[in-house]
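Everything on this sheet refers to the single structure shown next.
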Amino acid sequence: MLPDVWPTERWPVATPEEMGMSSSVLVDLVEDAATVYWLDSVTVVRHGHVVLDTVIYPFPEDQAHNIHSCTKSVTGTLIGIAIDQGLLAGVDVPVVDVLPAAAPTEIDALKAAMTVEDLLTMRSGLECRDSYRYEWQGLIEMRGSTDWAAHVLALPMSEEPGTRFEYCNGASELLSAILTEVTGKPASEFADEVLFGPLGISDYVWPANPQGISFGSGDLMLLPTDMAKIGYLYLRNGEWDGKQIVPQWWVEAATAVHAAERASADGYGYQWWINWAGHPMAIGFAGQYIIILPEFDLVVTFTATQEALEGSGDMPVALGADPLLALVYTEVLGAIESDDALPADPEAQARLAAAVDAASSGPDGESVVLPELAAAIDGVRYRFRPNEWGWHWFEIDFDGDVAFIRGENVAGPYEWELGLDGRYRADSDASVLTRGAWPYEHVFVVEYYVIGHAERGTVEYIFEDGAARVRHIETTTGYFESARADPAP
């Protein structure tokens with residue numbers, strides 16, 4: 001087995017065989033990732049080396065990705081470092097004592113008893129109602145407030161803190177507020193000094209709330225390989241490049257089960273999930289994963305734009321219902337044949353390289369054949385009938401292998417350039433990709449993909465009886481809206 005390598009910038013790369021894994025099995029993983037699941041990237045690190053790092057079209061290389069609730073695991077890690085540095089007295093400190101300015105004037109006994117550990121373990125006792133189970137209502141209300149920490153601390157208590165697991169994004173926002181209070185800087189700046197800097201993580205985006213406090217519960221954007229660095233740091237008990245970045249006692253405490261979401265499947269530590277096999281996981285909405293498998297010296301990360309199962313939101317489920325975990329426990333672990341290097345397999349390695357190239361490059365441009373209807377509607381302006389969405393008008397112009405959709409809604413005018421050849425085209429700031437197709441003679445479908453975010457969807461233009469019916473479906477969340485439009489006189 002090769003010795004551990006502690007990279008500070010780019011990961012060292014090895015063939016799967018050098019790390020005791022089969023390239024042939026990983027070919028199946030890459031092909032499944034590209035054709036079966038809504039994945040943007042797959043990264044596999046074994047023995048400190050990247051054996052697989054592939055992006056899935058249309059996600060570009062070297063692009064940071066929204067890791068959603070995996071952010072919580074980073075926030076929790078910073079809490080551990082702050083405690084180790086003596087900036088925070090410990091996990092038993094009452095929250096209202098650390099955040100006196102955000103605490104309400106009247107504090108009942110239950111709220112006064114809520115500790116930092118209760119936030120870390122999602123047993124705050126607060127009536128948050130801000131997870132997918134409540135259609136994010138509490139999260140929307142918090143983000144609409146001017147002071148997030150004060151908003152969360154003003155929520156009523158539903159029970160005694162520390163007694164029951166209830167997933168609460170607001171608890172993680174309080175942890176970030178605590179970091180700012182005890183360090184005098186937002187979590188992003190503290191991370192630069194004590195976590196991101198030592199790990200060589202520089203290409204990231206960490207938004208802040210109206211008070212300048214970094215989001216604690218989500219929306220941190222990292223490169224997929226930098227996600228793997230976070231996982232590998234925990235795999236090595238907090239040590240990196242010969243230095244103890246996170247105290248080992250915190251790693252052990254954070255990845256121990258403190259609360260049970262489902263007694264038979266998932267436990268929760270300090271902002272980390274622990275699955276049925278005892279493996280720590282950071283999990284984010286729509287398929288963001290950091291999975292740590294210590295006995296295999298392995299870290300696996302996924303980024304995605306849509307959950308590979310229905311209705312799970314941020315919450316993990318048993319292996320049989322989670323295709324992404326199934327990929328890890330069947331195809332990734334199935335590729336491991338030894339702890340030591342295997343004989344080279346040039347043929348299998350060439351097939352793996354070809355699969356990675358095909359996954360990242362996407363389909364070849366196809367010839368474009370438009371139905372007769374396309375000529376009839378080309379350039380025709382359609383005005384929407386009164387609708388609750390604020391849609392005003394649209395028109396579609398066809399030009400070779402692209403089309404242009406122009407229109408206006410309550411936000412103002414817009415224009416999309418669409419690929420008609422099966423490949424996406426980018427908008428003016430290269431943040432949204434779109435393509436169009438005619439699955440039926442009278443139906444034109446636009447697919448859009450927001451780069452680096454768990455957001456994709458379709459807009460269907462259905463032309464019938466001289467009018468148009470437009471349906472917008474955000475496939476990531478299932479959000480739906482629809483309105484009818486008529487040709488302008």
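Legend: residues meeting salt bridge (Lys or Arg N to Asp or Glu O under 4.0 Å) with Asp421, ordered by chain and number and at least two apart, are Arg425. Taking Val98 as the reference, Leu88, Val93, Ile178, Glu181, Val182 meet the side chain to side chain contact (heavy atoms under 4.5 Å, CB included) condition, with sequence neighbours excluded. Every residue two or more places apart in sequence or in another chain was checked for a side chain to side chain donor-acceptor pair (under 3.5 Å) with Gln63, and none qualifies. Applying the side chain to side chain donor-acceptor pair (under 3.5 Å) rule to Glu17 yields the partners Ser23, Gln349; only residues at least two apart in sequence or on another chain are considered. Residues passing the salt bridge (Lys or Arg N to Asp or Glu O under 4.0 Å) test with Glu166 are Arg164, sequence neighbours excluded. Shown here are the side chain to side chain donor-acceptor pair (under 3.5 Å) partners of Arg143, two or more places apart in sequence or in another chain: Asp219. For Glu189, there are no salt bridge (Lys or Arg N to Asp or Glu O under 4.0 Å) partners at least two apart in sequence or on another chain. Considering only residues two or more places apart in sequence or on other chains, Arg351 meets the side chain to side chain contact (heavy atoms under 4.5 Å, CB included) condition with Ser24, Val27, Ala348. Legend: residues meeting side chain to side chain donor-acceptor pair (under 3.5 Å) with Arg423, ordered by chain and number and at least two apart, are absent. Taking the salt bridge (Lys or Arg N to Asp or Glu O under 4.0 Å) definition, one finds that Glu252 meets it with nothing, sequence neighbours left out.
Using modelled atom types, one side-chain atom of Thr475 and one backbone atom of Arg456 make a donor-acceptor pair closer than 3.5 Å. Between the side chain of Gln271 and the backbone N or O of Ala282 there is no donor-acceptor pair closer than 3.5 Å. Put simply, the side chain of Asp118 gets close to the backbone of Thr115: a donor and an acceptor are under 3.5 Å apart. Judged by distance alone, the side chain of Thr434 and the main-chain N or O of Glu417 form a donor-acceptor pair under 3.5 Å.
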Pair up each side-chain donor or acceptor in residues 50-59 with any protein partner under 3.5 Å, not counting sequence neighbours, and list the distances.
residue : atom : partner : partner atom : Å
Asp53   : OD1  : Thr43   : OG1          : 3.2
Tyr57   : OH   : Tyr424  : N            : 2.9

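Tyr167 and Trp273 have parallel rings, their planes meeting at less than 30° on a 0 to 90° scale where 60° marks the start of perpendicular. A tilted orientation is assigned to the rings of Phe215 and Trp148, their planes being inclined by 30° to 60°.
The distance from atom CD1 of Ile230 to atom CD1 of Ile201, rounded to the nearest 0.5 Å, is 4.0 Å. Between the CZ atom of Phe444 and the CD1 atom of Ile405 there is a distance of 5.5 Å, given to the nearest 0.5 Å. With rounding to the nearest 0.5 Å, the separation of CG in Leu333 from CZ in Phe296 is 5.0 Å. Distance check, rounded to the nearest 0.5 Å: OG of Ser217 to NZ of Lys72 gives 4.5 Å.
Under a cut-off of 6.0 angstrom, the local environment of CD in Gln85 is crowded, with over 12 non-hydrogen atoms contributed by other residues, nucleotides or ligands. Atom CD of Glu347 is surrounded by 12 or fewer heavy atoms from other residues, nucleotides or ligands within 6.0 Å.
A side chain to side chain donor-acceptor pair (under 3.5 Å) check over residues 439-448, counting only residues at least two apart or in different chains, returns the pairs Arg435-Glu447, Tyr448-His472.
The two residues Cys70 and Gly284 come nearest to each other via the heavy atoms SG-N, 3.6 Å.
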Exercise. Given side-chain contact (heavy atoms from CB on, under 4.5 Å), test Asp84 with Trp249 step by step and report yes or no.
Key: CA-CA 10 Å; Asp84 189 59; Trp249 65 265; 3.8 Å; yes

